[in-house]
Amino acid sequence: MAYNFKEVMNRPDRLASGHRMCAGCGAPIAVRAVLKAIKPEDHAVICSATCCLEVSTCMYPYTSWKDSFIHSAFENAGATICGVEAAHRALSAKGKVPENYKFIAFGGDGGTYDIGFQSLSGAMERNQDMVYVCYDNEAYMNTGIQRSSGTPKYADTTTSATGKNSAGKTQNRKDLTEVIAAHHVPYAAQTTFIGNLKDLYEKSEKAIYTPGAAFLNVLAPCPRGWRYEGEDIMEVCKMAVETCFWPLYEVENDVWKVNYEPKNKRPIEDFLKLQGRFKHLFKKGNEDLIAEIQRDVDHRWELLLKKAK
Amino acid sequence: MAISERLSGNEAVSFAIKQINPDVVAAFPITPSTEIPQFISQYIANGEMTTVYVPVESEHSSMSACVGAQAAGARSMTATSSCGLAYMFEMLYIAASNRLPITMACVNRALSGPININNDHSDSMGARDAGWIQIYAENAQEAYDNFIQCVRIGEHKDVHLPVMACQDGFITSHAVERMELIETDKVKAFVGEYNPEKYLLNPDEILAVGTYDTPQYYMEHKKAQTEAMKNARQVIKDIAKEFETISGRKYDMIEEYRMEDAEYAMVIIGSSAGTAKEAIDELRTAGVKAGLIKVRVFRPFPLEEIAAALKGVKAVAIMDKTDSFSAAGGPLGAEVKAAIYGKVDGLVAANYIYGLGGRDVRVEHIKLVFDEIAELVKSGKQPETYKYLAIRE
Ligand SMILES: Cc1ncc(C[n+]2csc(CCOP(=O)(O)OP(=O)(O)O)c2C)c(N)n1
Ligand code: SF4
Ligand SMILES: [Mg+2]
């Protein structure tokens with residue numbers, strides 16, 4: 001179905017306002033947009049890993065979730081939602097619960113790339129009918145901006161500090177979307193907030209309505225951790241895509257497709273300079289570090305284009 | 001007519017699971033409980049069960065999937081041992097505090113390290129404060145009977161807690177015994193349908209499970225959890241009575257063996273109770289007034305039953321098949337001593353650590369313990385705080 005921005009935005013939100021996330025946070029934008037893709041008549045059970053999203057949306061005795069919701073721990077959203085899905089298979093076969101349920105797990109990059117990786121990999125390999133959404137803000141924000149394996153090289157975090165002897169994180173960023181695609185799940189995609197959120201919506205709809213396991217990796221900036229002004233979020237996301245730092249692509253039944261190829265690929269500085277976490281890279285003498293990041297972005301982009309040929 | 005069979009403990013529990021046909025099983029292999037998910041997989045393949053089996057990639061995920069499934073409204077089960085149980089540790093607390101009556105077949109095995117696949121109780125005893133009901137079996141018959149009762153106990157409206165049905169690895173899980181199975185229709189009628197009041201898949205009422213708890217509420221939630229554990233005492237007794245009507249077999253919090261006039265007693269858990277009964281029969285023939293208290297239910301702890309059973313006893317040996325490394329003995333030792341404090345006067349209480357990592361426990365070892373506690377009474381000496389039984393120096 002063609003994307004109708006107005007129609008979609010007019011659907012009732014499945015995450016209430018009044019949650020406790022920071023103003024300008026990417027996470028609730030991602031969650032709202034993904035949940036808009038559930039047909040209003042369908043039921044859902046939502047799971048969240050322990051993270052900023054979880055602590056701010058389900059403070060007892062309140063819940064911001066308009067669907068049934070479960071949080072169990074940090075590293076197991078994949079397994080927890082699979083338990084719910086298994087229960088649904090058992091109970092709907094007995095006619096005890098309606099058929100039209102959707103199962104969606106959210107996790108931060110820490111709960112997805114790192115500690116929850118095993119549980120996620122298991123869920124993907126079992127190909128259970130669920131969607132796992134990583135809202136990737138490239139660090140452990142809830143515990144105070146520590147590095148994760150999704151943190152880009154040379155980012156300043158509280159456990160990859162910059163100083164006289166350090167230019168921030170020394171390791172490369174893991175390409176989780178590719179790792180999940182290697183599970184040969186029916187659908188894996190990477191997206192962020194661009195324009196009227198069409199890309200995010202369409203990928204969410206595909207993920208939710210493709211039978212079997214699906215994975216969405218949504219770059220969801222965090223103004224505190226990335227150190228930019230909250231209102232600049234759309235610009236930051238745009239530059240992530242225009243520089244090819246965060247390409248928009250999807251892998252559907254093992255067919256790789258790049259959804260957007262910038263006509264004029266922007267230099268990586270255009271993404272880096274918007275954020276305080278990369279400020280040190282613009283000091284005199286660090287030009288080679290930026291050049292290295294550029295080489296890495298170019299290299300990954302070339303590899304992706306080859307896969308999508 | 002009950003069905004007479006020759007089965008191992010693992011076979012018996014798997015058969016109980018088949019009869020109950022739960023909605024969901026999520027499990028991961030580890031010796032000596034591995035056979036249980038294997039049997040279930042085969043039963044499902046044969047069309048003998050309709051359970052949804054989740055072949056998870058770890059025990060952390062088996063317990064996580066059980067948490068998700070049970071919260072969703074499904075009767076859920078798992079099986080594990082040793083390192084597998086340790087790997088679930090975080091999730092055990094979450095299952096209990098979310099008040100999810102998951103049933104676990106726990107086949108007791110020593111915890112690493114050093115790595116050892118044989119029996120002791122270090123795994124489930126390590127999880128004794130996780131908020132799970134724990135019921136221990138002496139043999140395959142009890143493993144089967146307990147498992148069926150555990151489902152009812154956990155799901156009871158005054159309880160809503162997860163339950164571990166424990167049996168000793170290899171000694172019980174792999175040894176084939178003559179036993180009686182109950183007809184499937186009777187088992188099904190006994191456990192009944194699982195119809196929780198609150199569940200995620202209820203389209204008429206949304207539910208939030210596992211929410212963030214502030215200091216304002218956390219303690220009240222813990223109080224409710226401890227009350228549920230207290231309630232479990234009566235529920236366990238009531239369900240045992242009901243179970244007797246379909247099986248003819250009696251169960252309670254503890255089992256007393258020749259305790260009526262006992263002067264010397266032993267408190268023990270699990271399969272070694274069988275060995276101890278044999279030793280006690282021999283001692284009785286020799287004129288020693290020996291008796292046994294077998295702790296069937298360790299959580300909730302049967303403190304009143306134990307104190308009452310020890311009234312009039314001169315000395316008791318409390319046998320721990322694990323060390324808590326408190327340098328003060330094992331968990332059963334500590335809790336039995338706490339149970340008798342101020343209730344039983346002048347009782348000499350000795351704590352033994354025995355049978356670790358599959359170390360054989362024989363009739364002569366048990367008799368030696370009775371000799372030692374009788375000697376303490378005679379000499380008027382106090383026992384060592386705790387000691388290892390039959391250890392090579
Ligand atoms: C087993 C375990 N280890 C550590 C933590 C502490 N912890 C809670 S949330 C979190 C970081 C979450 O980071 P991420 O998944 O990226 O989500 P974000 O908060 O950044 O949105 C950490 C380290 C925990 N709750 N459980
Ligand atoms: S710290 Fe960052 S991720 Fe967490 S709520 Fe605030 S903006 Fe969002
Ligand atoms: Mg994060």
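Here is how names work: the chains are called A, B, and so on, in the same order as the sequence lines, proteins then strands, and each is numbered from 1. It should be emphasised that the depicted structure is a prediction, and the values quoted were computed from it without experimental measurement.
- With chain B as partner, the option from I70(A), T57(A), T50(A), V55(A) having the largest number of non-hydrogen pairs under 4.5 angstrom is I70(A).
- The shortest non-hydrogen separation linking S68(A) to L200(B) is OG-O, 3.0 Å.
- For a heavy-atom cut-off of 4.5 Å, chain B lies close to Q128(A) in residues 128-144 of chain A.
- Summarising the geometry, atom OG1 belonging to T211(B) is positioned 13.5 Å from atom CH2 belonging to W65(A); distances are rounded to the nearest 0.5 Å.
- Residue Q216(B) does not touch chain A at all, counting heavy-atom pairs closer than 4.5 Å.
- For the residue pair S121(A) and E57(B), no side-chain donor N or O sits within less than 3.5 Å of a side-chain acceptor on the partner.
- Highest contact tally toward chain B, considering only P61(A), S119(A), G122(A), A79(A), is held by A79(A) [criterion: heavy-atom pairs under 4.5 Å].
- Put simply, the side chain of Y101(A) reaches to within 4.5 Å of the side chain of P203(B), judged on heavy atoms.
- Looking at I94(B), only its side chain comes within 4.5 Å of chain A, counting heavy atoms on both sides.
- For H88(A), the parts lying under 4.5 angstrom from a heavy atom of chain B are both the backbone and the side chain.
- When the shell of 6.0 Å around OH of Y93(B) is examined, it contains more than 12 heavy atoms from other residues, nucleotides or ligands.
- Separation of atoms NE2 (H71(A)) and CG (N98(B)) is listed at 9.5 Å; rounding is to 0.5 Å.
- At a heavy-atom separation below 4.5 angstrom, chain A is approached by S64(B), A65(B), V67(B), G68(B), A69(B), A71(B), A72(B) within residues 62-72 of chain B.
- Comparing K66(A), K96(A), Q118(A) by how many heavy-atom pairs each has under 4.5 Å with chain B, the most go to Q118(A).
- Look at E193(B) and K94(A) and you find no salt bridge, because none of the NZ, NE, NH1 or NH2 atoms lies under 4.0 Å from a carboxylate O.
- Between the CG atom of L201(B) and the CD atom of E85(A) there is a distance of 10.0 Å, given to the nearest 0.5 Å.
- The environment of Y209(A) atom OH is dense: over 12 non-hydrogen atoms of other residues, nucleotides or ligands sit within 6.0 angstrom.
- Rounded to the nearest 0.5 angstrom, S61(B) OG and R126(A) CZ are separated by 6.5 Å.
- The candidate from C82(A), P98(A), A123(A), S48(A) with the greatest count of non-hydrogen atom pairs under 4.5 Å with chain B is P98(A).
- Contacts between N202(B) and chain A at a heavy-atom distance below 4.5 Å involve the backbone alone (N, CA, C, O).
- Taken to the nearest 0.5 Å, the CG atom of L207(B) stands 11.0 Å off from the CZ atom of F69(A).
- In this structure, L91(A) and A74(B) approach most closely via the heavy-atom pair CD1-N, 4.1 Å.
- Distance check: E90(B) CD to S72(A) OG gives 8.0 Å after rounding to the nearest 0.5 Å.
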